[in-house]
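Below: one structure, written as structure tokens.
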Amino acid sequence: MVQIPTKELTLAEFFDLPETQPASEYINGQVIQKPMPQGKHSTIQGELITTVNAEVKPQRIAWAFPELRCTFAGRSIVPDIAVFTWNRIPLDEQGDIANVFATPPDWTIEILSPDQSQTKVISNILHCLNAGCQMGWLIDPTEKSVLAYPANQQPRIFQEPDQVLPTPEFMGDFKLSVGELFGWLKPGNI
């Protein structure tokens, strides 16, 4: 993550800045640009969004969004995947999905990129959990591990291919193993 200015900004000043690519986040008065996603990150992100949405979107249970800015409790962050339960998706006056999401996701998923600060990513997951998020995941493609952060519980690490990853209750009977998740990185497995 690249820090842009060194002086502290207010949230309003942050929103006056031009949008960056990749996105910048506002954390503790600082603007921190996320790293550019690379192959493993992008593959896991795309496959996981598709898989989660296939499970919950048709039944109007939840919706997984890529790179969605969520601004709440003094931070403006952009989780790699933000999953919102259907009744919490903000709508505008026309009943369309709103542009501004001013609440934490119900499930926040971060995929660690090379040279990305694990501490800053975990800090964002904990920020979401403290604001009411039900579950956080930190996926590490290099280590082929997932740190799961259930709300109000100790985090757990999952590294064995046959381990089934925990998901929020709204996901129902959805099952995804560590092996399936990281199997997406092998083109012959898709």
- Query: Among all residues two or more places apart in sequence or in another chain, which pass the side chain to side chain donor-acceptor pair (under 3.5 Å) test with Ser177?
  - Reply: Glu180

- Task: Answer yes if Leu129 and Val78 sit in the same cluster of Ile, Leu, Val, Met, Phe, Trp and Tyr residues linked by side chain heavy atoms under 4.5 Å apart, and no otherwise.
- Result: no

- Item | Sidechain-backbone polar pair: Thr50 side chain, Gly46 backbone, donor-acceptor under 3.5 Å | yes

- Among all residues two or more places apart in sequence or in another chain, which pass the side chain to side chain donor-acceptor pair (under 3.5 Å) test with His41? Asp80

- Item | Qualifying salt bridge (Lys or Arg N to Asp or Glu O under 4.0 Å) pairs with a residue from residues 138-164, counting only residues at least two apart or across chains | none

- Task: Take Glu110 and Lys120 through the salt bridge (charged side-chain N to carboxylate O under 4.0 Å, His left out) test and state the conclusion after the steps.
- Result: CA-CA 11 Å; Glu110 294 285 2; Lys120 284 187 173 47; over 6 Å; no

- Note on the structure: So CD1 of Ile139 and NZ of Lys40: to nearest 0.5 Å the spacing works out to 14.0 Å

- Looking at residues at least two apart in the chain, or sitting in another chain, which of them share a side-chain contact (heavy atoms from CB on, under 4.5 Å) with Glu19? Ala23, Arg69

- Can you name the residues that form a side-chain contact (heavy atoms from CB on, under 4.5 Å) with Arg88, not counting sequence neighbours? Phe84, Thr85, Thr103, Pro104, Asp106

- Note on the structure: Contacts of Gln159 meeting side chain to side chain donor-acceptor pair (under 3.5 Å) (sequence neighbours excluded), chain-then-number -> none

- Query: Is there a path from Phe65 to Ile125 through hydrophobic residues (I, L, V, M, F, W, Y) whose side chains come within less than 4.5 Å of each other?
  - Reply: no

- Note on the structure: Here the ring pair (Phe, Tyr, Trp, His ring centres under 6.0 Å) pairs for residues 130-172, sequence neighbours left out, are Trp107-Trp137

- Item | Met171 vs Val52, side-chain contact (heavy atoms from CB on, under 4.5 Å): CA-CA, chis, key distance, verdict | CA-CA 8 Å; Met171 290 299 295; Val52 169; 3.9 Å; yes

- Message: Taking CD in Gln154 as the centre, count heavy atoms belonging to other residues, nucleotides or ligands within less than 6.0 Å. Is the count above 12?
- Response: no

- Chi angles and distances behind the side-chain contact (heavy atoms from CB on, under 4.5 Å) call for Asn99, Asp92: CA-CA 8 Å; Asn99 279 327; Asp92 64 17; over 6 Å; no

- Message: List the residues meeting side-chain contact (heavy atoms from CB on, under 4.5 Å) with Asn53, not counting sequence neighbours, and say none if there are none.
- Response: Ile49, Lys57, Trp63, Ala64

- Query: Residues two or more places apart in sequence or in another chain: which of them pass side-chain contact (heavy atoms from CB on, under 4.5 Å) with Thr51?
  - Reply: Phe174, Trp184

- Message: Please determine whether side-chain contact (heavy atoms from CB on, under 4.5 Å) holds for the pair Ile122 and Leu138, giving the CA-CA distance in whole Å, both sets of side-chain angles, and the decisive distance to 0.1 Å.
- Response: CA-CA 7 Å; Ile122 291 169; Leu138 175 57; 3.7 Å; yes

- Message: My understanding is that only residues two or more places apart in sequence, or in another chain, count here; which of them pass side chain to side chain donor-acceptor pair (under 3.5 Å) with Gln134?
- Response: none

- Query: If you group Ile, Leu, Val, Met, Phe, Trp and Tyr by side-chain heavy-atom gaps below 4.5 Å, do Phe101 and Phe14 land in one group?
  - Reply: no

